[in-house]
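Encoded as structure tokens, the structure appears first; notes follow it.
In what follows, chains carry the letters A, B, and so on, assigned in the order in which the sequence lines appear, proteins first and then strands, with residues in each chain numbered from 1. A quick note: this is a predicted structure, and the numbers were derived from the prediction, not measured. Heavy-atom basis, side chains included; hydrogens, waters and symmetry copies ignored.
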Number of protein chains: 2
Amino acid sequence: MKSRHPSALASARSPAASRHRKSPPAKTVPTGYERSVDVAYRKLRELIVRGRLAPGTRLVEADIAERFEISRTPVRSALHRLLQEGYVMAVRSARQSRLAVAPLTKEDSRELYWIVGHIEGLAGRLLARCDPQTRARVIERLKAINAELSVLAQTRHGDPSRIFDLDMGFHRVLVESAAGPRLLAIHAAIKPQTERYWRLYASAIIDDLGESVREHVAIIEGIDNGDPDAAEQAIRINWQRGAERLARVIDSLGERGSW
Amino acid sequence: MKSRHPSALASARSPAASRHRKSPPAKTVPTGYERSVDVAYRKLRELIVRGRLAPGTRLVEADIAERFEISRTPVRSALHRLLQEGYVMAVRSARQSRLAVAPLTKEDSRELYWIVGHIEGLAGRLLARCDPQTRARVIERLKAINAELSVLAQTRHGDPSRIFDLDMGFHRVLVESAAGPRLLAIHAAIKPQTERYWRLYASAIIDDLGESVREHVAIIEGIDNGDPDAAEQAIRINWQRGAERLARVIDSLGERGSW
DNA sequence: AAATCCGCGATTGTATACAAAAAGGAGAAC
DNA sequence: GTTCTCCTTTTTGTATACAATCGCGGATTT
């Protein structure tokens, strides 16, 4: 690695950014602007979650910076954030941190799913205590999503990415409707990590989609009835069963991501 | 603010650090070494948690750097981490982040306590499923702590900081015994934030100490019986009641930390 | 041949320089 | 007196320079 940052960079980006400022004299034009650190975070997380960066891959700041054509500073920030959230792990050494993509193990998936289940369970509990109108609106959206999932579950071999998006949407609606800022933040940081397991074992998971759909029905009922205990319990069961299904798949296929 | 970093700094720190390296020819002497970013994180968190930095206080990177006699870089990292964990909030602006110490409100305390209750509840559930030996060892420690708390609850006006340390220890033992790395990390990031409320309303909270001690007994029983549901439920109730007690105090005293 | 030590390249941690951008205030126009 | 504008100051975001460390491999010794 010789010339790390083509010096054209500094002059290539800055004008583009400042052009935004003057063209419309509107007061707040934050549209379209994204800080480098956010770009780096988003791209890196995407690469990890989609499996394009294999578990165990060493993450070298300078390399990533070069690849994204930004400096080490924002890359470093993004990596630290990913480290705290669990996408990335620090390996050995006392003074230096040395990062790598976090491995995917049966043990970790169990803990992860339990945590998500409890966090979402809390969100569901709060949702079930909301006023009936809010709940009715949410229920409607949940039912629509789950109906489509149900169809895909019967016609085997639906588009995995479509299935994933629907399931993702179901849980997002669940949380966004009633959770406060802290709960939202935690969920946003943790939940996407389940996608790593999902993608790795997608085909096997899709086979069990019907079960998941039935569990979703129980969730919807709990919320509809305004029963916090039932709603929370149903959500936790959904994730717990998900963890069990995943564990079975991992057992039969072997740990694919444990370097 | 004129000369921000006395240039003596660079030459004042580096030799001190490298002196560590050579004096004993041992291979790994990571003892005592702490990166600036960790120092900054620890100090800042302490200042916020102990209330020495009032809610709403603007946090300016350069000022903190000057105060700690380090550069902005590690300060910035520490602030980002505190932001993600919830000790610090970003106020307005699209491109810049502008940080301030997070406010203390009744609403936030509710959400915080619910979350901690669920996280610890999960840890308690896992603990109750451990083998009896592990549980017996933990039970012993929990009982010792709670016994001392019980004494302090009866002799009113015990040392608040002692009481706090005991309660802190109780919950730490609870989590550290059975939780995996993810659960530990989340707990370590979130739980200390309850200390902010504790300190702000300490006297009133201590008045209700007896209730908390009784709730702890239920937790111990649940674990002792190896009953995951009971253990988790008891822990959640402890935190839920704690939130209610806190809410009453805030109602009667007013929100002290909501700038 | 195995073990050890030394040195060099690779990599992280910290400091600083610089470029925007937002906030705030002084002054002009009405 | 109010409001608008422009300028200054403060503050953040990014890039880069530098120092110290870590790991690895090769040379040397036994």
Side-chain angles (χ1 to χ4, degrees), chain A residues 1-22 25 27-30 33-41 58-66 68-80 83 90-100, chain B residues 1-22 25 27-30 33-41 58-66 68-80 83 90-100:
Chain A
M1 194 180 311
K2 308 121 240 284
S3 68
R4 286 201 167 137
H5 305 298
S7 60
L9 176 62
S11 53
R13 274 177 46 83
S14 301
S18 54
R19 202 181 308 135
H20 266 283
R21 185 167 54 88
K22 280 290 177 183
K27 289 190 177 181
T28 52
V29 232
Y33 179 77
E34 196 180 11
R35 295 177 312 185
S36 310
V37 56
D38 296 322
V39 176
Y41 172 80
R58 279 288 317 277
L59 295 169
V60 176
E61 295 175 1
D63 293 352
I64 299 167
E66 194 185 26
F68 293 169
E69 294 189 313
I70 56 181
S71 79
R72 272 181 56 208
T73 309
V75 172
R76 187 177 173 74
S77 279
L79 283 175
H80 280 3
L83 171 64
V91 288
R92 70 192 158 199
S93 179
R95 310 193 179 192
Q96 285 190 347
S97 114
R98 235 75 181 236
L99 305 180
Chain B
M1 194 180 312
K2 305 124 239 283
S3 68
R4 284 198 169 142
H5 305 299
S7 61
L9 177 62
S11 52
R13 276 177 44 84
S14 301
S18 53
R19 203 181 307 135
H20 267 284
R21 187 169 53 87
K22 279 290 176 184
K27 290 189 175 180
T28 54
V29 232
Y33 179 77
E34 197 180 10
R35 295 178 314 184
S36 309
V37 55
D38 297 322
V39 176
Y41 173 79
R58 281 287 319 276
L59 296 169
V60 176
E61 295 175 1
D63 293 352
I64 299 168
E66 195 185 27
F68 292 169
E69 294 190 314
I70 56 181
S71 78
R72 273 182 55 207
T73 310
V75 171
R76 189 178 171 75
S77 279
L79 283 175
H80 280 4
L83 171 64
V91 288
R92 70 195 156 194
S93 178
R95 312 193 178 191
Q96 285 190 346
S97 108
R98 233 70 182 236
L99 305 181

**Message:** Does C:dT16 have its OP1 or OP2 closer than 4.0 Å to a side-chain nitrogen or oxygen of B:Ser71?
**Reply:** no

**Prompt:** How close or far is atom P of C:dA10 from atom CG of A:Leu59, stated in whole angstroms?
**Reply:** 18 Å

**Prompt:** Could a donor-acceptor pair under 3.5 angstrom be found where the side chain of A:Arg98 meets the base of D:dG23?
**Reply:** no

**Prompt:** What closest approach, in Å, do A:His80 and B:Ser77 show between heavy atoms, and which atom pair accounts for it?
**Reply:** CD2-OG, 4.0 Å

**Request:** For A:Thr73 and for B:Val60, find the nucleotide of DNA chain D with the closest heavy atom, then tell me which residue's nucleotide is more 5'.
**Result:** B:Val60

**Asked** Between B:Tyr41 and B:Val37, is any pair of side-chain heavy atoms under 4.5 Å apart?
**Response** no

**Asked** Rounding to a whole Å, what distance do you find between A:His80:NE2 and D:dT14:C1'?
**Response** 16 Å

**Request:** Provide, to the nearest angstrom, the distance between the CD atom belonging to A:Glu66 and the P atom belonging to C:dA10.
**Result:** 13 Å

**Request:** Take the protein atom CZ of B:Arg72 and the nucleotide atom P of D:dA15, then report the distance between them rounded to whole Å.
**Result:** 14 Å

**Message:** Please classify the nucleic acid contact of B:Glu61 as base, sugar-phosphate, or nothing, using heavy-atom distances under 4.0 Å.
**Reply:** sugar-phosphate

**Atom-to-atom span, CZ of A:Arg95 to P of D:dC22 - whole angstrom** = 6 Å

**Asked** Is B:Arg76 touching bases, backbone alone, or none of the nucleic acid, heavy atoms closer than 4.0 Å?
**Response** base

**Fill in**
For B:Ser97, the side-chain contact (heavy atoms from CB on, under 4.5 Å) test, sequence neighbours excluded, returns A:Arg35, B:Leu99

**Any residue meeting side-chain contact (heavy atoms from CB on, under 4.5 Å) with B:Arg98, in chain and number order, not counting sequence neighbours** = B:Arg58, B:Val91, B:Gln96

**Prompt:** Tell me: CZ of B:Phe68 to P of C:dT14, nearest whole Å?
**Reply:** 14 Å

**Prompt:** Whole-Å distance between C:dG13 C1' and A:Leu83 CG?
**Reply:** 15 Å

**Asked** Between C:dA19 atom P and B:Gln96 atom CD, what is the distance in whole Å?
**Response** 16 Å

